[in-house]
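A quick write-up on the structure given underneath.
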Amino acid sequence: EVQLVESGGGLVQAGGSLRLSCAASGFTFDNYAITWFRQAPGKEREGVACIANGSSGGRTVYAGSVKGRFTISRDNTKNTVYLQMNSLKPEDTAVYYCAAKYYTDSLICRTSDYDVDYWGKGTPVTVSS
């Protein structure tokens, strides 16, 4: 059974930090790019960061709204992807989802690609002002 399980969400004050984790199982993790998406109340889901598959050395892409504050990384020995979120703002409040997608080109990941193979169920992040 394929699973992506997010954890690490919670309530934090503006300026604070959180680290989200996405634990994968049931598929060949190394072969998949992983993207973190988020969806705020009343807004569309948006991609915030992605990391290409394990063989590419982990090429990363960030949305402009989080660049310089968020860092995505992966540990292929643990089948886990992390999202380190620093300098959090109230507008970062959302449910955060991780998703896996197979690309034939190992260097590719796209935060704009919603046609993924697997989704997690999400973890909520609330940033208070």
Side-chain angles (χ1 to χ4, degrees):
E1 179 189 5
V2 171
Q3 283 193 313
L4 290 170
V5 180
E6 303 94 335
S7 62
L11 174 63
V12 64
Q13 287 189 328
S17 298
L18 282 174
R19 189 177 81 155
L20 306 183
S21 298
C22 169
S25 60
F27 63 100
T28 307
F29 178 75
D30 290 15
N31 291 346
Y32 284 73
I34 304 295
T35 300
W36 282 99
F37 294 86
R38 67 184 180 187
Q39 188 164 19
K43 295 189 177 182
E44 293 187 354
R45 194 170 294 191
E46 63 169 338
V48 296
C50 67
I51 186 164
N53 74 28
S55 66
S56 74
R59 177 179 172 269
T60 58
V61 177
Y62 296 92
S65 58
V66 306
K67 201 167 187 178
R69 300 189 297 123
F70 290 10
T71 302
I72 189 171
S73 61
R74 65 191 297 157
D75 184 341
N76 290 332
T77 66
K78 297 181 179 179
N79 283 9
T80 300
V81 169
Y82 305 98
L83 186 68
Q84 178 67 43
M85 306 188 296
N86 299 329
S87 302
L88 282 162
K89 304 175 182 180
E91 51 264 44
D92 294 317
T93 295
V95 178
Y96 284 72
Y97 302 87
C98 65
K101 183 173 176 69
Y102 176 80
Y103 293 97
T104 55
D105 185 338
S106 65
L107 295 176
I108 289 178
C109 75
R110 299 189 182 100
T111 57
S112 59
D113 193 346
Y114 294 79
D115 183 24
V116 301
D117 296 302
Y118 311 116
W119 285 100
K121 294 184 178 180
T123 185
V125 171
T126 302
V127 184
S128 63
S129 57

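Heavy-atom basis, side chains included; hydrogens, waters and symmetry copies ignored.
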Does the side chain of [X] reach to within under 4.5 Å of the side chain of [Y], using non-hydrogen atoms?
| X | Y | answer |
| --- | --- | --- |
| Met85 | Ser17 | no |
| Val125 | Thr93 | no |
| Ser7 | Thr123 | no |

- Message: To check you understand the geometry: which heavy-atom pair defines the closest contact between Arg38 and Ser65, and what is its length?
- Response: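 In this case the closest contact between Arg38 and Ser65 is NH2-OG, 3.5 Å.
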- Query: Any idea how Tyr118 and Phe27 line up, ring-wise: parallel (<30°), tilted (30 to 60°), or perpendicular (>60°)?
  - Reply: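 Plane angle between 30° and 60°, so tilted.
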- Query: In terms of the angle between their ring planes, are Tyr114 and Phe37 parallel, tilted or perpendicular, with boundaries placed at 30° and 60°?
  - Reply: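 Tilted.
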- Answer yes if Val48 and Tyr97 sit in the same cluster of Ile, Leu, Val, Met, Phe, Trp and Tyr residues linked by side chain heavy atoms under 4.5 Å apart, and no otherwise.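 Val48 does not cluster with Tyr97.
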- When you look at Asn53 and Tyr102, which way does the side chain to side chain donor-acceptor pair (under 3.5 Å) test go after all the steps? CA-CA 8 Å; Asn53 74 28; Tyr102 176 80; over 6 Å; no
[X] to [Y] six-membered ring, cation-pi geometry met (6.0 Å, 45°):
| X | Y | value |
| --- | --- | --- |
| Lys67 | Phe70 | no |
| Arg74 | Phe29 | yes |
| Arg19 | Tyr82 | yes |

- Thr77 side chain vs Asp75 backbone, donor-acceptor pair below 3.5 Å: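 No, because the side chain of Thr77 does not come within donor-acceptor range (under 3.5 Å) of the backbone of Asp75.
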- Okay, side chain of Glu6, backbone of Ser21: is any donor-acceptor separation there less than 3.5 Å? no
- Message: What's the separation between atom CZ in Arg69 and atom CG in Asp92, rounded to the nearest 0.5 Å?
- Response: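 Those atoms lie 4.0 Å apart.
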